[in-house]
Q: 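Can you keep this structure in mind? I'll have questions shortly.
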Amino acid sequence: MEYNFSEIEKKWQEQWKRSGVYAVSNDSDKPKFYVLDMFPYPSGAGLHVGHPLGYVASDIYARYKRLKGFNVLHPMGYDAFGLPAEQYAIDHGIHPAASTEANINTFRRQMDNIGFSYDWSREVRTCDPHYYKWTQWIFLQLFDSWFNRKTRKAERIGSLVSIFENEGNASYEVPNPKFRVPGKNSSGFSSQDWKGFDEKTRQLILMEYRLAYLAYTDVNWCEALGTVLANDEVINGVSERGGFPVVKKKMRQWSLRITEYAERLLSGLDTIDFSDSLKEIQRNWIGKSLGAEIDFPVKSEKNIVKSMRVFTTRPDTIFGVDFMVVAPEHEMVQDIVAAGSKAAIEEYLLYAQSRSEIERMAEVKRITGCFTGAYAVNPLNGREIPIWISEYVLAGYGTGAIMGVPCGDERDHKFAKHFAIPITNIIGEHYNGEEANPTKDAILQNSDFLNGMLMRDAIDVVIGRVEELGIGKRQINYKMRDAGWSRQRYWGEPFPVIYKDDVPYPIDEKELPLRLPPSDDFKPSGTGEGPLAKVKDWVYINESERRDTNTMPTHAGAAWYFLRYADPHNDNAFADRKALDYWGQVDVYIGGAEHAVAHLLYSRLWTKVLFDLGYLSFEEPFKKLINQGKIGGDSRLVYRIRNTNTFVSAGLKNDYQTDELHVDVTLVNGIELDIEGFRKWRDEYSDAEFIFEDGSTTSESNGKDGRYLCGTRLEKMSKRYFNVVNPDDVVKKYGADTFRMYEMFLGPIEMSKPWDTKGIEGVYRFIRKFWRLFYDEQKGKVWNDAPATNAELKVLNRTIKKVEDDVERFSFNTAVSAFMVCVNELTDLNCHKRAVLEPLLVLLTPFAPHLCEELWQRLGNATTILDQPYPRYDPQYLVESSKDYPVSINGKLRTQINMDLELSQPEVEEIVLSNSIVQKWLEGKPPKKIIYVKNKMVNVVV
RNA sequence: GCCCAGAUGGCGGAAUUGGUAGACGCGUCAGACUCAAAAUCUGGUUUCCGCAAGGAAGUGCAGGUUCGAUUCCUGUUCUGGGCACCA
């Protein structure tokens, strides 16, 4: 009876589909468990073997938890809006809806091949109007909310309106002012003022507070893609997708006020189980810095500006300030420029404007700047210092102005050296005159009342003094910016608003979803408007009302999909509250680290806002996150002698001048090239000649086979390197169960590793060896009902414990190893007993579900194995550790040494001695002192 | 430049709390079966010395703590990832 995986797997996949065994109920007495994969973007290329790595891991864990008696939610869906489908449409004229649908079908077929236990009845697609109805709805909740800094949570905009009506905005400052109230030179207004404002002014003011808001902002404009990109979609000044240049451009864009949540996003990290490196990435992105804002009085010719405010994290260095630098875009620049410096400043401003993002990034170390002719006064010692402008100060961070302390800050130091500004030393010998020293551990000198104080202690002293004098305050800044939320794209969620008199108003909830209008013209307009601008009868509702021509970024649909799975078909709410409360947080979330910043932060933000508004009972979406590593490609290379069609084996390639070419990995067995396959691969190679590793050649070998060896290289799995391994092929050759186990066996789930097809044979052998515990090729059925021996029970129980421990800590590779050890040992013991095999089947089910179902049925069980209780191990079979130390039990040395050691502590059962100690003992030097630890281990002092 | 993670046989990787380093698998070598090959099975496989029993060295490098260190500490090199004028 042979192991016929294709028959078995087909049978059970059909059976599972027919009976719907993986559908899960929202109503159960069992405890819940929520295991989630990051849903895929259904790209045209289909899955390669790297994609299912996380899916296999989550499937094993979900199945394991199910055996453990949990009601497990394990859904899957598609992140189906997005750029590539639209780009594909532009290039090939196929509508994104059609190509997305086709891609989804491919993905689904590939996933079904692998035997996942998803509850497909809960599938979501972000491009489905029934789904994006609620994406739009949540967007409107953000639009209708503001962040109350006093309660530190989102509240309805209505509550802000009543505050304005009663007391103006005196105690609720504008979070990030972009707009000035008419007739006011500060943003403050009274309740009287508010009542006097017209509708449009009121709306503009409220816009300054809304969590989803419109703003004229510098955006990353990518001409080639015809769209705006988020900061995380721009890498080194070019677009992440396509590598096109990106420039700054002012546009009216939707933004999410994520900066208001910076502190909660930061502190929330302490409550969730993400890897340290991932938390670190998020912390860096949020970029919290503690410091102070300090006003410096200004002396300028025009005398318009009374003072300028700087932000510093090092107020302790205030007596080391030698100059001030403001950003070229700083709004006060024109007001302080002296007549004599005007021309030079104008020239510098033009230069700064002309600099593209790429240039600035590429020339980070270049020092530029221009003196304004104005002076600032150090508020603590009255010293006059020059005010410069320079592009190294950013308008968007802090106050857009800094105090220059050359002896303590590297950039300030270079600036001072470059422009020959005299440097004040406040840290004595810690400053060598050559480079700045940013230490906080020096004793201050030349620093007035701070002299003799440790710098890190002086920080608070200066902040205290500044606050006392009313010229500044303690301040926290964040690097993180608000998230740009508009894309000039077709294939995304339309914004559910209508503009009247240029003010956006939410459309009525009853009119949701605002459907994407059909269109066949996806090319960007090039003007900054989205392709939707061309659907004129959709955009212009009437003379005074129009729609937004942008769509939301892909992140929108992905920012809340994990909530939808709780209740995916609900048309009256994004999900029923009872279902949301039942399923709660995602217990385990598995996905790639490439989503560390954007997706995870937006998901956390949306969850927090929905929590604040009372729609959820938890504010962190993901309790635990596992980042699966990438599977790299293991490329194969051949070496063609230049200008010939002769290929030389890898070992001899240095004897010739060769060109290195990638060869399809399917044409290579290990590193040995299939010569005939290669010749057939491409016409140009049909008459290729070869020089083999032993120096013989195709022409002289006369059918005697020399070996042509390929070079190897680890790189990204990609079509252009011909190193893509399709899971379908692997499943076809070895079966889904082998594929699943091998993916896990490759190494730790978090680690990136190359795919090595050769190694799968080992797992395949294991699976067949496991099968042979039940069936013999000649004898047929070999399993029996004899009682198990102690030795067999020991093997079984050790395996139960080991696998359970390993799965709990997501160490699937060692769990697979444990199975291999177990099967090897049972084979050695010639054990085919039901009493051992049955529990083992249950144990193996999460890893190899098809095989285990089949054998379970063949053992005569009428029920499915999927809901069997997970076997419990009996500790009595584990007493003797699997490690055999040169050890003693019950106080007697169990070595061959003829020597007695009566232990004085009778409760000690086991002592552990290192080899060297035993050796010394043998040489007649017994231990002097014995240290008892945990009643078990004994440390010995020789 | 700054931050984070890592470095173990020919290869992927084990070693869970400081306790026999190299589990498990690949590869390879030898053997069995076979006319032969494939498949399968058995045994060996860190390095060096030795016929063997056995001995010595050994977890990137240099130190340290400890009876004992892949594991903890200090310094250093390299690799991978993140951030990059954020004051």
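So you know, we letter chains A, B, ... as the sequences are listed, proteins then strands, and number each from 1.
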Q: Just to confirm, is there a sub-4.0 Å distance from OP1 or OP2 of B/C2 to any side-chain nitrogen or oxygen of A/Asn284?
A: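 It does not, given that no N or O in the side chain of A/Asn284 lies less than 4.0 Å from OP1 or OP2 of B/C2.
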
Q: Roughly how far apart, to the nearest Å, are B/G10 and B/C61 at atom P?
A: 13 Å

Q: Distance check, P atoms only: B/C11 and B/G18, in whole angstrom units.
A: 29 Å

Q: Between A/Glu410 and A/Ile402, which has a closest nucleotide on RNA chain B that is more 5'?
A: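 Final value for this comparison: A/Glu410.
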
Q: Measuring only the P atom in each nucleotide, how far is B/A37 from B/U28? A whole number of Å is fine.
A: 16 Å

Q: When the C1' atoms of B/C26 and B/A62 are considered, how many whole Å apart are they?
A: 35 Å

Q: Provide the distance between the two C1' atoms, one in B/G13 and one in B/G82, to the nearest whole Å.
A: 26 Å

Q: Would you say A/Tyr392 places a side-chain N or O within less than 4.0 Å of OP1 or OP2 belonging to B/A87?
A: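 Negative; the distance criterion is not met.
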
Q: Rounding to an integer number of angstrom, what distance separates B/A57 and B/G9 when you compare their C1' atoms?
A: 14 Å

Q: Rounded to the nearest Å, what distance is computed from the CZ atom of residue A/Phe819 to the P atom of nucleotide B/C24?
A: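 Rounded to whole Å, this separation is 16 Å.
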
Q: For the side chain of A/Ile281, starting at C-beta, report the closest nucleotide among B/A87, B/A15, B/G82.
A: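 Selected nucleotide (nearest to the side chain): B/G82.
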
Q: Just how far, in rounded Å, is P of B/U42 from CD of A/Glu825?
A: 14 Å

Q: A/Asp322 vs A/Thr424, test: side chain to side chain donor-acceptor pair (under 3.5 Å). Steps then yes/no.
A: CA-CA 7 Å; A/Asp322 291 316; A/Thr424 307; 2.5 Å; yes

Q: Under the rule for side chain to side chain donor-acceptor pair (under 3.5 Å), what residues qualify as partners of A/His599, not counting sequence neighbours?
A: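 With sequence neighbours excluded, A/His599 shows a side chain to side chain donor-acceptor pair (under 3.5 Å) to A/Tyr589, A/Ser603, given in chain and number order.
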
Q: Hey, what are the protein-to-nucleotides 38-41 of chain B N/O distances that come in under 3.5 Å?
A:
residue	atom	partner	partner atom	Å
B/U40	OP1	A/Arg768	NH2	2.9
B/C41	OP1	A/Arg772	NH2	2.9

Q: Where the side chain of A/Ser289 is concerned, which of B/C24, B/A87, B/A14 is the nearest nucleotide?
A: B/A87

Q: Output the rounded distance in Å from CD1 (A/Ile631) to P (B/G80).
A: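 Rounded to whole Å, this separation is 19 Å.
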
Q: Among all residues two or more places apart in sequence or in another chain, which pass the salt bridge (Lys or Arg N to Asp or Glu O under 4.0 Å) test with A/Asp276?
A: none

Q: Using a 4.0 Å heavy-atom cut-off, does A/Asn477 contact any base of the nucleic acid, only the sugar-phosphate backbone, or nothing at all?
A: nothing

Q: Going through the distances and angles, do A/His330 and A/Ile389 end up as a side-chain contact (heavy atoms from CB on, under 4.5 Å)?
A: CA-CA 9 Å; A/His330 197 285; A/Ile389 62 171; over 6 Å; no

Q: What is the base-pairing partner of B/G80, counting Watson-Crick and G-U wobble geometry with both distances under 3.5 Å?
A: B/C4

Q: Taking the P atom in each of B/G64 and B/U47, what is the distance between them to the nearest angstrom?
A: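 Taking atom P in both B/G64 and B/U47, they lie 29 Å apart.
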
Q: In terms of the nearest nucleotide of RNA chain B, which residue is placed more toward the 5' end: A/Val816 or A/Thr312?
A: A/Val816

Q: What residues, two or more places apart in sequence or in another chain, satisfy salt bridge (Lys or Arg N to Asp or Glu O under 4.0 Å) together with A/Arg772?
A: none

Q: Applying salt bridge (Lys or Arg N to Asp or Glu O under 4.0 Å) as the test, list every pair that has at least one member in residues 811-826 of chain A; sequence neighbours left out.
A: A/Arg798-A/Glu825

Q: Round to the nearest Å and state the distance from A/Ile286 atom CD1 to B/C83 atom P.
A: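 These atoms are roughly 14 Å apart.
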
Q: I'd like a list of close polar pairs between nucleotides 4-13 of chain B and the protein, N/O only, cut-off under 3.5 Å.
A:
residue	atom	partner	partner atom	Å
B/G12	O2'	A/Leu746	O	2.9

Q: Does some side-chain heavy atom of A/Asp737 sit less than 4.5 Å from a side-chain heavy atom of A/Phe5?
A: no

Q: Taking only the P atom of each, what is the distance from B/G22 to B/G55 in whole angstrom?
A: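 Roughly 16 Å separates the two P atoms.
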
Q: Rounded to the nearest angstrom, tell me the gap between atom CG in A/Asp806 and atom C1' in B/A23.
A: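 So the two atoms are 12 Å apart, to the nearest Å.
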
Q: Just how far, in rounded Å, is P of B/A87 from NZ of A/Lys440?
A: 10 Å

Q: Expressed in angstrom and rounded to an integer, what is the separation of A/Lys630 atom NZ from B/G81 atom P?
A: 8 Å

Q: Distance check needed: B/G82 P versus A/Asn627 CG, whole Å only.
A: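 It works out to 12 Å between those atoms.
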
Q: State the pairing partner of B/A36; accept Watson-Crick or G-U wobble contacts with both distances under 3.5 Å, and report none otherwise.
A: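 Looking at the geometry, B/A36 pairs with no nucleotide.
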
Q: Do NZ/NE/NH1/NH2 and the carboxylate oxygens of A/Lys279 and A/Asp270 come within less than 4.0 Å?
A: no

Q: Just checking, A/Arg309 and A/Phe311: is the charged tip under 6.0 Å from the six-membered ring centre and within 45° of the axis?
A: no

